[in-house]
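The next block holds one structure in the form of structure tokens; read it before the comments.
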Amino acid sequence: TNSAKRALLERRITGRTPIHLGGVWCEKSSHPTNRCTALISLPPLSAPLYIMAKILLVEDNEMNRDMLSRRLVKRGFEVTMAVDGLVGLSEAQSGKYDLVLMDMSLPGLSGWEATQKLREDPAMAKLPVIALTAHAMESDRQQALAAGCDEYETKPVDLARLLEKMNRLLGVTDSSA
């Protein structure tokens with residue numbers, strides 16, 4: 001709805017996460033309310049709305065990393081990549097990401113272990129984590145959720161389904177982007 005989109009715009013303009021709405025970019029202004037001056041000239045709210053979120057992609061397979069990162073960047077997400085669980089954990093704890101896509105089968109520190117360690121940090125407790133795995137059994141899904149993942153996506157990744165999950169976790173109600 002238009003009121004939900006407007007509320008999302010007003011809530012998410014933080015300077016860290018630019019907003020795109022039908023061609024208008026908004027970032028934190030110097031105004032004390034942190035309202036974007038571009039809000040004055042917003043296009044019709046029926047235009048697709050999506051947040052330009054900062055995504056950490058933790059994936060050891062180069063082909064999977066390349067394919068998924070390109071598809072996300074093409075849709076406007078800012079993507080940083082980590083190739084193993086230890087680097088992914090360290091990068092996630094930096095606090096500069098809006099969402100983590102975590103492969104579960106990583107060398108060294110697994111995605112399950114990295115997510116558990118991430119959840120032990122109170123500052124990271126609310127950082128959304130989506131498990132990415134080729135393990136498609138219900139028990140694998142339950143294991144990922146028990147480790148602290150907020151969602152679960154099987155490989156090969158269904159991009160439309162993944163984007164729906166990402167948008168929901170990021171608080172975007174219109175996933176038509």
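This chain uses plain numbering: 1 for the first residue, then up along the sequence. Keep in mind that what you see is a predicted model, and the values were worked out from it rather than measured.
Listed by chain and residue number, Glu91, Lys96, Tyr97 satisfy the side-chain contact (heavy atoms from CB on, under 4.5 Å) test with Ser94 (two or more places apart in sequence, or in another chain). Residues satisfying the side-chain hydrogen bond (donor to acceptor under 3.5 Å, both in side chains) test with Ser90, not counting sequence neighbours, are none. Take Asp150 and apply the salt bridge (charged side-chain N to carboxylate O under 4.0 Å, His left out) test, not counting sequence neighbours, and it matches Arg119. Applying the side-chain hydrogen bond (donor to acceptor under 3.5 Å, both in side chains) criterion to Glu153, with sequence neighbours excluded, gives Arg161, Lys165. Every residue two or more places apart in sequence or in another chain that forms a side-chain contact (heavy atoms from CB on, under 4.5 Å) with Val87 is listed here: Ala82, Asp84. For Thr133, there are no side-chain hydrogen bond (donor to acceptor under 3.5 Å, both in side chains) partners, not counting sequence neighbours. Every side-chain contact (heavy atoms from CB on, under 4.5 Å) that Met63 has, sequence neighbours left out, goes to Asn61. By the salt bridge (charged side-chain N to carboxylate O under 4.0 Å, His left out) test, Lys117 pairs with no residue at all, sequence neighbours left out. Taking Glu138 as the reference, Arg141 meet the salt bridge (charged side-chain N to carboxylate O under 4.0 Å, His left out) condition, with sequence neighbours excluded. Asp66 pairs by the salt bridge (charged side-chain N to carboxylate O under 4.0 Å, His left out) definition with Arg70, not counting sequence neighbours. When the side-chain hydrogen bond (donor to acceptor under 3.5 Å, both in side chains) test is applied to Arg168, the partners found at least two apart in sequence or on another chain are Glu151.
Proximity of a side-chain donor or acceptor of Arg65 to a complementary backbone N or O of Val83 within less than 3.5 Å is not detected.
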